[in-house]
Number of protein chains: 2
Amino acid sequence: MKKKILIHDIAKHLDVSIATVSLVLNGKAKEKRISDGLAEKVLKYVEEVGYKPNQLAKSLRTGKTHVIGLVVEDIANPFFATIAGLIERKALAHGYRIIYCSTSNDIVKTRDILAMFQERHVDGYILALPDGLEGEVSALVRSGKPLVLFDRVLASVLANAVVVDGATGTYEATQHLLAQGLTSVALMTIRDGQTQMLARRQGYTQALREHNLPELVEEIVFQQNPEQVMEQMQAFFQAHPNCHGVMFTTNYLGVYGLEVLKRLGRRIPEDIAVISFDDNDLFRLYTPPITVVAQPMEAMAEEIISMLLAALNGSKETSRMTQLQMAPQLVLRQSSTLPAAATVRR
Amino acid sequence: MKKKILIHDIAKHLDVSIATVSLVLNGKAKEKRISDGLAEKVLKYVEEVGYKPNQLAKSLRTGKTHVIGLVVEDIANPFFATIAGLIERKALAHGYRIIYCSTSNDIVKTRDILAMFQERHVDGYILALPDGLEGEVSALVRSGKPLVLFDRVLASVLANAVVVDGATGTYEATQHLLAQGLTSVALMTIRDGQTQMLARRQGYTQALREHNLPELVEEIVFQQNPEQVMEQMQAFFQAHPNCHGVMFTTNYLGVYGLEVLKRLGRRIPEDIAVISFDDNDLFRLYTPPITVVAQPMEAMAEEIISMLLAALNGSKETSRMTQLQMAPQLVLRQSSTLPAAATVRR
DNA sequence: CTGAAAGCGCTTACAG
DNA sequence: CTGAAAGCGCTTACAG
């Protein structure tokens with residue numbers, strides 16, 4: 001195990017001052033009028049012996065860590081795993097690393113995570129938070145820390161944010177079902193005040209209202225285990241045999257829903273038409289393929305990183321907040337399209 | 001924005017020495033014979049003003065960061081996303097955070113990641129590496145850094161590792177197909193020297209050998225884009241119309257494979273029986289449900305963390321390496337079970 | 001261009 | 001128990 005080289009060793013070997021080495025390494029040679037020849041000599045030797053400055057010392061001194069704190073609901077959820085992968089790649093390209101934590105939508109846990117990120121001096125935050133942390137996030141924004149909310153925002157907090165227009169997403173999806181003559185379309189959502197869920201519900205409500213149809217909303221309590229969730233769904237479908245269409249507001253509800261409908265032996269779309277928010281392999285390859293409201297993952301990741309980088313590099317003076325709402329895309333597949341034949345036969 | 005409180009402020013306010021505050025905070029009050037009363041007073045005031053030691057300074061001084069570097073192939077891959085979520089939860093419970101990076105199986109990128117983790121002084125490593133970094137990992141092991149390899153190991157490197165017995169997994173899966181009378185079973189794998197892939201291939205080979213049947217292995221080149229991968233698979237299936245069973249060695253190959261078979265209009269399992277390594281929602285809910293060789297995710301995560309914690313807390317003197325090979329589970333579903341009727345009809 | 005020095009915020013032997 | 005001090009490894013104003 002070779003001994004760790006220090007900046008002091010470099011300076012001594014080259015017979016220059018520590019300051020010179022440090023300035024060259026930090027690209028301030030020109031500014032400080034250090035000759036090109038000397039700068040080159042330093043760079044060459046540093047390269048030769050493979051000297052790497054101690055990042056901890058550097059961070060302690062400069063206050064910058066080049067680490068971004070990413071908070072997601074659950075890294076194992078395909079939506080968050082995908083966005084995390086895209087964000088990671090883009091952040092790395094700009095010299096930032098990602099430290100992530102899953103919240104499980106637990107407020108207490110999330111509060112700890114935020115405190116922990118702060119203690120570790122992350123340079124910026126990318127956050128998909130549970131409802132109820134308005135105070136903490138306001139304080140964070142006020143402190144001037146670069147921060148981007150995504151997926152969902154906090155109702156009373158003005159901050160940078162990248163979200164999808166969920167209302168339009170479910171509105172168009174619901175309209176698509178109603179246009180085919182369905183009169184009882186349910187919305188399966190979670191019981192929670194998260195803004196993205198509220199928006200998705202609102203689009204559904206509006207579509208039904210325009211058709212003068214009653215709402216049929218089932219709110220899943222998500223603190224339960226999977227089996228309990230599915231029992232709740234199953235009970236709902238059994239209680240509403242005339243419900244011939246259902247919109248799931250998020251990917252995992254959709255997955256549970258498909259399993260429940262399968263258990264009940266309901267045919268899709270003949271017995272019940274199905275649409276889910278979020279696209280993934282499962283929905284695409286399911287039999288029948290599931291119609292989805294897809295989020296523009298790549299573009300969202302791009303916007304999140306751009307926004308954060310702008311905040312990281314921008315002056316603290318002007319604090320401009322940007323809220324970006326991106327358009328989702330309704331991807332029509334067989335699960336929501338009543339075959340002409342089937343419709344006639346009814 | 002309130003000014004940051006320092007240990008110095010605490011000491012001054014309580015009129016005690018900085019050393020006393022620090023020792024109490026680090027649980028060395030007893031050891032240093034600090035009175036219970038004083039220790040309590042310190043703790044109480046620290047709590048009251050919400051003092052949090054600067055972790056960077058602490059890390060610089062102690063050399064410990066309480067951060068674990070997690071290297072996966074791709075955080076968006078369900079296998080890695082799931083294990084990452086489980087590892088995160090368990091690590092957090094022991095006071096460690098996770099910083100992750102995806103390698104995309106790119107050796108150069110991975111080398112950078114390892115260097116970056118080292119620069120950031122992670123306390124330990126959890127690694128699923130591409131082939132070809134034997135030198136780097138050997139050096140890491142020699143340096144005494146706590147480290148656990150998982151999913152795959154490096155042939156020539158002796159290190160802690162948690163892997164699944166892939167050979168037995170594919171052996172049993174292949175036997176299951178052959179036992180039903182299939183005579184042409186293909187293995188779809190990736191062209192790569194990763195040890196887990198080699199093991200999975202070996203189990204297949206052994207099963208076929210025992211039945212005196214010829215191998216039929218297709219190696220996918222994975223640097224291609226999805227469409228190219230599927231074209232290669234499609235060409236394979238078209239070239240081998242008599243192949244009535246296929247084993248995919250990993251989840252994403254299985255997903256692509258299902259899509260290709262669907263495009264070709266091949267019925268599962270009537271035209272071709274299918275088994276994939278790795279379980280997930282898609283395989284479970286597919287029509288028909290896909291038989292899989294499932295890895296014990298929860299138990300693996302548990303073992304990985306235990307092993308790393310043992311190394312983190314253990315003495316540097318005795319360097320004991322543990323290689324753990326866990327049993328996968330063959331989960332039989334309809335995709336691999338030729339219906340009696342169908343078999344007869346053939 | 002350089003050298004000496006302060007300082008980022010801690011921890012921990014050491015002498016009392 | 002305490003106080004003074006060194007030291008983790010850097011960066012950067014400052015005086016020359």
Side-chain angles (χ1 to χ4, degrees), chain A residues 2-43 45-46 49-67 116 118-123, chain B residues 2-43 45-46 49-67 116 118-123:
Chain A
K2 63 173 184 294
K3 189 163 132 291
K4 190 75 190 166
I5 303 164
L6 305 179
I7 192 167
H8 167 254
D9 303 325
I10 305 285
K12 197 154 73 181
H13 180 270
L14 292 177
D15 205 25
V16 299
S17 79
I18 290 181
T20 306
V21 178
S22 177
L23 292 171
V24 168
L25 251 30
N26 289 296
K28 302 201 172 161
K30 282 268 182 289
E31 188 184 317
K32 295 291 177 179
R33 317 187 62 76
I34 292 172
S35 74
D36 290 358
L38 183 53
E40 215 167 284
K41 198 167 83 182
V42 171
L43 256 14
Y45 184 65
V46 161
V49 298
Y51 166 68
K52 304 277 184 199
N54 180 319
Q55 293 299 323
L56 288 172
K58 205 165 168 166
S59 295
L60 178 60
R61 187 54 231 247
T62 61
K64 301 276 165 226
T65 55
H66 281 264
V67 170
M116 186 269 282
Q118 203 160 5
E119 278 171 45
R120 300 205 165 260
H121 296 251
V122 299
D123 285 349
Chain B
K2 64 172 183 292
K3 190 163 131 289
K4 190 76 189 164
I5 303 164
L6 305 180
I7 193 168
H8 167 255
D9 304 324
I10 305 285
K12 197 154 71 182
H13 180 269
L14 292 176
D15 205 25
V16 301
S17 80
I18 289 181
T20 305
V21 178
S22 177
L23 291 171
V24 168
L25 252 28
N26 290 296
K28 305 203 171 159
K30 282 269 182 288
E31 186 184 321
K32 295 291 177 178
R33 318 187 63 74
I34 294 172
S35 73
D36 290 359
L38 183 54
E40 216 169 284
K41 199 168 82 176
V42 170
L43 255 16
Y45 184 65
V46 161
V49 297
Y51 166 67
K52 304 278 183 200
N54 181 318
Q55 293 299 323
L56 288 172
K58 206 165 168 165
S59 295
L60 179 59
R61 186 53 230 248
T62 62
K64 302 273 166 228
T65 54
H66 281 262
V67 170
M116 187 269 283
Q118 202 160 3
E119 278 171 46
R120 302 205 163 260
H121 296 251
V122 299
D123 285 350

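Reminder, nothing fancy here: chain letters follow the sequence lines and each chain counts from 1.
- Comparing the P positions of dA4(D) and dC8(D) gives an interatomic distance of 22 Å, to the nearest angstrom.
- In this structure, the side chain to side chain contact (heavy atoms under 4.5 Å, CB included) partners of Ala19(B), at least two apart in sequence or on a different chain, are Ser17(B).
- Remark: His66(B) pairs with Tyr96(B) by the ring-ring contact (aromatic ring centres under 6.0 Å, His included) rule, at least two apart or across chains.
- Look at the P atom in both dC14(C) and dC10(C): the space between them is 24 Å, to the nearest Å.
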Taking Watson-Crick (N1-N3 plus N6-O4 or O6-N4) and G-U wobble (N1-O2, O6-N3), each under 3.5 Å, can you produce the dot-bracket string of DNA chain C? Use [ ] for crossing pairs and | for inter-strand ones.
|||.||||||||.|||
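- Spacing between atom CD1 of Ile34(A) and atom P of dT2(C) amounts to 7 Å, rounded to whole angstrom units.
- Evaluation of the side-chain hydrogen bond (donor to acceptor under 3.5 Å, both in side chains) rule for Glu40(A) yields no partner, not counting sequence neighbours.
- Of all non-hydrogen atoms in Val67(A) and Arg120(B), the two that sit nearest each other are CG2-NH1, 3.4 Å.
- Residue pairs that meet the salt bridge (Lys or Arg N to Asp or Glu O under 4.0 Å) test with at least one member in residues 22-31 of chain A, sequence neighbours left out, are Lys30(A)-Asp36(A).
- Pairs engaging residues 8-39 of chain B under the ring pair (Phe, Tyr, Trp, His ring centres under 6.0 Å) rule: His13(B)-Tyr45(B) [sequence neighbours left out].
- Residues passing the side chain to side chain contact (heavy atoms under 4.5 Å, CB included) test with Ala29(B) are Val24(B), Ile34(B), Ala39(B), sequence neighbours excluded.
- Residues passing the side chain to side chain contact (heavy atoms under 4.5 Å, CB included) test with Ser59(B) are Leu56(A), Thr65(B), sequence neighbours excluded.
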5' to 3', nucleotides 7-16 of chain C under a 4.0 Å protein heavy-atom cut-off (B base, S sugar-phosphate only, - none) gives BBBBBB----
